[in-house]
Amino acid sequence: ETNLCDRIFKDDMIELVDIQILAIVSLIFLSFVAGHLLRTYNISILPESAAAVILGAIYAVIWFFIPAFNNKDTDFSADSFFLVLLPIIIFESGYSVHRARLFRNIGSILMFAVVGTMVSAVVMAAITFGLSRLNADLVQHGILDFLIFGAIMSATDPVATLAIFGRQNADPTLFSLVFGESVLNDAVAITFFKTLVSFRESIHATNGEFTAGAFFEAIGSFLLLGLGSTLIGVVFGAITALILRRTLIKHHPPMEILFIISFAYATYVLSDGVGLSGIVAIFFFGITTRHYTYYNLSDTSKAGSMWLFTAFKELAETTVFCFLGLSILQEQKAYNAALIAIACFACLLSRFLMISPMSFLLNLKRKGNDRITMKMQIVMWNAGLRGAVAYALSLRLPESMPGRALFVTTIHAVVIFTILVHGSLTGPLLSWTGLSRAGQSDGSADYSHLNDSSLAPLAAPKKKKIHGFWSSLDKKYLIPFLSYPRDVYKQEQEEKERHLASELQDTSLID
């Protein structure tokens, strides 16, 4: 009898889990439908990510009032995000990035993404720490806790902004700066967060005593995380290119793509396993793979890999935003309206205090049409949305941290606020500043995808000495060894196009 009851109970639980999975799948499907409608009717006031969050919130409310579901966990899983979803998103960002435009603006992008991210984190920490002294419930938190909080909140995720940039054909330099900052910003913020958490643990190990050794150890750890992870990503990308260059795997297109995916995850897991940053590693693996491996692939895999990785990325991003909405009704969470208000204000002010001075310094070197105008700075300030990376990092806060749940809910609230408010302001701001070129092309200017000619009409600036040296080294030695020379690749493409044109002409003559 007991076994029968247990079996019935287990069967009911399995059915319940199946229904939950079906509900989540239907939510993701509805989010795709909503995104399609927003793109079809060019509705920029509501970003696709915001629509997914709203749908997730509606599902959360319905879920809450279903007796069988309201005690079930709909929490956002940090492990699932870091192990499954985030690697897909970051790898595709590196694989599809417009490298020529990225590296022509690399100085400005590094200024915003590296220096700017740390400045933003410190300013965010100073503002929240200072204002929190006015609230008796928050005085228990020290400056280091708020520095960790600032490091998390410095992780921007302008998915909504970039989607609208593509639909409205935004200024290419503006797109390049925002996109370049976003893909490197996550890596810097995660590295900074891990460094500060380690620093906090080392201070606690010395009974709260701040030592110069711990400080320099933290700086060394930050540099090691960044440089070591970059090296692993580049080396694994080069190995992938070399294997596909020297073998006959290209005769089996599905194996080519599976080979790339396997090496991408190996790069990510290895870097995390040895205490480095898998995010930085897989991003540079994506860039290296696109630069070398892509040209070793068969024609089928060249086209298939771009669309497949883009589809995976959209699925991962949509899933993340749906779960952000689903997580609004969580039990045993502490909310503090004052801290949420302070954090939202600090996000706006720290972003402004980062963008404006950095742009001023960069404009001392950028001349003419290459300058970062005041209108660009306004749009870039608005593009500092917080997203899934910030929320996932909050779930990895040390359990020993006082008021941990309070920080988690505050970050969650700020993430939803920035997605809904700043994401909705992107379209109107682009129109108001005149940085939208909608209607001047076929409307397909989604700069983040497919090939390096999407920004070809722009005049190429002069190569700087370092870039020129690297370009010469790359063309003479690395490309011939790891990939196929670009002139040979272009000749093959032109030959295929001539052959196709000839076949079409013959067909028309027969008709």
Side-chain angles (χ1 to χ4, degrees), residues 82-100 102-103 183-184 186-187 225-274 276-313 316 448-452 470-471 473-486 488-490 492-493:
F82 278 101
L83 291 176
V84 180
L85 300 176
L86 187 60
I88 296 172
I89 296 171
I90 299 299
F91 168 71
E92 198 278 339
S93 297
Y95 191 77
S96 64
V97 69
H98 186 281
R99 299 178 310 286
L102 176 70
F103 286 107
V183 295
L184 293 177
D186 287 344
L225 278 170
L227 298 177
S229 304
T230 300
L231 181 62
I232 288 179
V234 171
V235 169
F236 268 67
I239 292 173
T240 305
L242 185 62
I243 292 174
L244 289 175
R245 171 75 166 85
R246 306 294 174 177
T247 64
L248 299 177
I249 297 179
K250 66 162 48 182
H251 294 166
H252 306 280
M255 293 300 297
E256 290 179 297
I257 296 178
L258 289 175
F259 192 83
I260 292 174
I261 293 173
S262 300
F263 261 74
Y265 265 100
T267 304
Y268 181 83
V269 173
L270 175 64
S271 297
D272 267 357
V274 297
L276 299 176
S277 173
I279 299 304
V280 178
I282 200 171
F283 174 70
F284 281 97
F285 175 85
I287 291 180
T288 307
T289 300
R290 181 68 172 87
H291 185 59
Y292 297 111
T293 311
Y294 176 81
Y295 297 95
N296 298 336
L297 300 176
S298 62
D299 291 340
T300 303
S301 294
K302 283 190 180 78
S305 64
M306 298 303 299
W307 293 113
L308 181 67
F309 297 151
T310 301
F312 279 161
K313 180 188 179 183
S448 64
H449 65 234
L450 299 192
N451 59 61
D452 290 340
W470 167 254
S471 180
L473 178 68
D474 191 36
K475 289 179 180 177
K476 287 183 179 179
Y477 302 105
L478 296 179
I479 288 179
F481 181 65
L482 297 173
S483 185
Y484 288 101
R486 301 302 181 257
V488 174
Y489 173 76
K490 289 179 180 178
E492 291 178 352
Q493 293 300 109

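Side chains are part of it too, since the values below use all heavy atoms of this structure and drop only hydrogens, waters and symmetry mates.
- Atom CG of residue Asp186 and atom CG of residue Leu86 lie 7.0 Å apart, to the nearest 0.5 angstrom.
- One finds the CD1 atom of Ile243 at 11.5 Å from the CD1 atom of Ile260 (value rounded to the nearest 0.5 Å).
- Applying the ring-ring contact (aromatic ring centres under 6.0 Å, His included) criterion to Tyr265, with sequence neighbours excluded, gives no partner residue.
- Lys313 places no side-chain N or O within 3.5 Å of a backbone atom of Glu92 that could act as its donor or acceptor partner.
- Put simply, OG1 on Thr288 and CG on Leu478 are 10.5 Å apart, with the number rounded to the nearest 0.5 Å.
- Counting only distance, with no hydrogens or angles, the side chain of Asp272 and the backbone of Gly278 share a donor-acceptor pair below 3.5 Å.
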Taking only distance into account, with no hydrogens and no angle test, what donor-acceptor pairs under 3.5 Å do side-chain atoms of residues 226-239 form with protein atoms, sequence neighbours excluded?
| unit_1 | atom_1 | unit_2 | atom_2 | d |
| --- | --- | --- | --- | --- |
| Ser229 | OG | Leu225 | O | 2.5 |
| Ser229 | OG | Ser277 | N | 2.8 |
| Ser229 | OG | Ser277 | O | 3.2 |
| Thr230 | OG1 | Gly226 | O | 2.8 |

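- In this structure Ala187 satisfies the side-chain contact (heavy atoms from CB on, under 4.5 Å) test together with Ile279, Val280, sequence neighbours excluded.
- A side-chain donor-acceptor contact under 3.5 Å links Ser483 to the backbone of Tyr292.
- Take Phe309 and apply the ring-ring contact (aromatic ring centres under 6.0 Å, His included) test, not counting sequence neighbours, and it matches Phe91, Tyr95.
- Rounding to the nearest 0.5 angstrom, the gap separating the CG atom in Leu482 from the CG atom in Leu244 is 11.0 Å.
- In this structure, CD1 on Ile88 lies 12.5 Å from OG1 on Thr310, to the nearest 0.5 angstrom.
- Among residues at least two apart or in separate chains, side chain to side chain donor-acceptor pair (under 3.5 Å) pairs with a member in residues 251-264 are Glu256-Ser298, Glu256-Ser301.
- Counting all heavy atoms, side chain and backbone alike, Ala241 lies closest to Asn296 at O-ND2, 2.9 Å.
- Separating the CD1 atom in Ile257 from the NZ atom in Lys302 is a distance of 11.5 Å, to the nearest 0.5 Å.
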